Amino acid sequence: MFKRNRHGIQIKSPEQLEKMRAAGLVVGRTLDLLKRSVRPGMTPLDLDVIAEKAIRDEGAIPSFKGYQGFPATICASVNDEVVHGIPSDARKLREGDIISIDCGAILEGWHGDSAVTVPVGEVDPKLTELMRITEESMWRGIAALTPGRHLSDIGYEVERYVKSQGRFGIPPEYGGHGIGTEMHMDPWIANHGKPGRGPVLEEGMCLAIEPMVNLGTERTRVLPDEWTVVTIDGKQSAHFEHSVAVTHNGPWVLTALDGGKERLAQLQN
Ligand code: MG
Ligand code: MG
């Protein structure tokens with residue numbers, strides 16, 4: 001009942017895509033609530049509590065909690081933390097910080113996974129620009145999700161856009177992934193590279209597109225907590241993610257409240 005193509009990539013039926021959409025909307029609504037909740041003086045753990053309640057209130061399960069031992073519902077990565085930050089109450093968010101919130105949920109066995117980076121109060125314009133560039137690079141990658149294009153076109157579009165905006169670091173060892181009956185499935189998706197390589201995209205594939213962009217070097221390290229990824233130069237990093245289905249009508253952004261319609265229409269102009 002779970003079909004895979006010859007590359008081992010799960011192919012969803014139209015009915016299964018509707019279930020992916022339902023799971024995606026749980027994540028989309030949760031992140032929308034979190035975005036509106038962020039303010040100076042809160043802790044990342046406060047956001048985690050809000051996220052877990054929102055997901056469970058919808059009858060879904062937080063997928064990160066317990067994943068390879070991860071202790072929380074969200075990953076909360078502040079400033080120089082790139083991804084996989086563990087929410088804690090050790091440090092309050094301060095005006096001028098940026099925080100990446102990554103969130104996943106399971107509904108009726110199907111996964112959604114999405115991330116946003118948001119400013120805490122007023123932030124330096126160069127951070128606003130970093131977030132804008134990272135989010136836009138994600139949408140450029142998403143726009144490549146049409147049947148007949150190649151997997152590597154996604155990373156090509158992400159990197160091409162980021163490079164067109166100036167000198168930024170894209171950590172090469174992190175990327176997107178297939179998603180469906182598990183959070184992380186084949187294929188792995190680079191945020192850089194040449195176009196026209198890898199499997200051809202087919203209707204029914206669901207892929208999580210998630211660029212990370214650093215203000216400085218692309219080089220990162222993992223903290224002794226064995227989760228938190230930070231930039232080695234201490235400069236800030238942004239991260240955005242959506243789970244997206246490939247359909248004959250183009251990309252269907254499962255974790256965006258409007259399915260991605262508005263942003264994808266802008267890109268076509
Ligand atoms: Mg994620
Ligand atoms: Mg992901």
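Both counts, for ligands and for their atoms, begin at 1 and track the order of listing. The residues of the chain are indexed from 1 along the displayed sequence. Computed from a prediction, not measured in an experiment: that's the story for all the values here.
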**Item:** salt bridge (Lys or Arg N to Asp or Glu O under 4.0 Å) partners for R197, two or more places apart
**Value:** none
**Asked** Quick one: how many protein N/O/S atoms are under 2.8 Å away from the Mg ion (ligand 2)?
**Response** 4
**Item:** Non-neighbouring partners of K194 that pass side chain to side chain donor-acceptor pair (under 3.5 Å), sequence neighbours left out
**Value:** none
**SB check E159 K163 (cutoff 4.0 Å)** = yes
**Asked** Quick one: does D113's side chain have a donor or acceptor within less than 3.5 Å of a partner on A208's backbone?
**Response** no
**Prompt:** Which pairs with one or both residues in residues 116-153 pass ring-ring contact (aromatic ring centres under 6.0 Å, His included), sequence neighbours excluded?
**Reply:** W139-H242
**Item:** R160/E157 ion pair, N-O < 4.0 Å
**Value:** yes
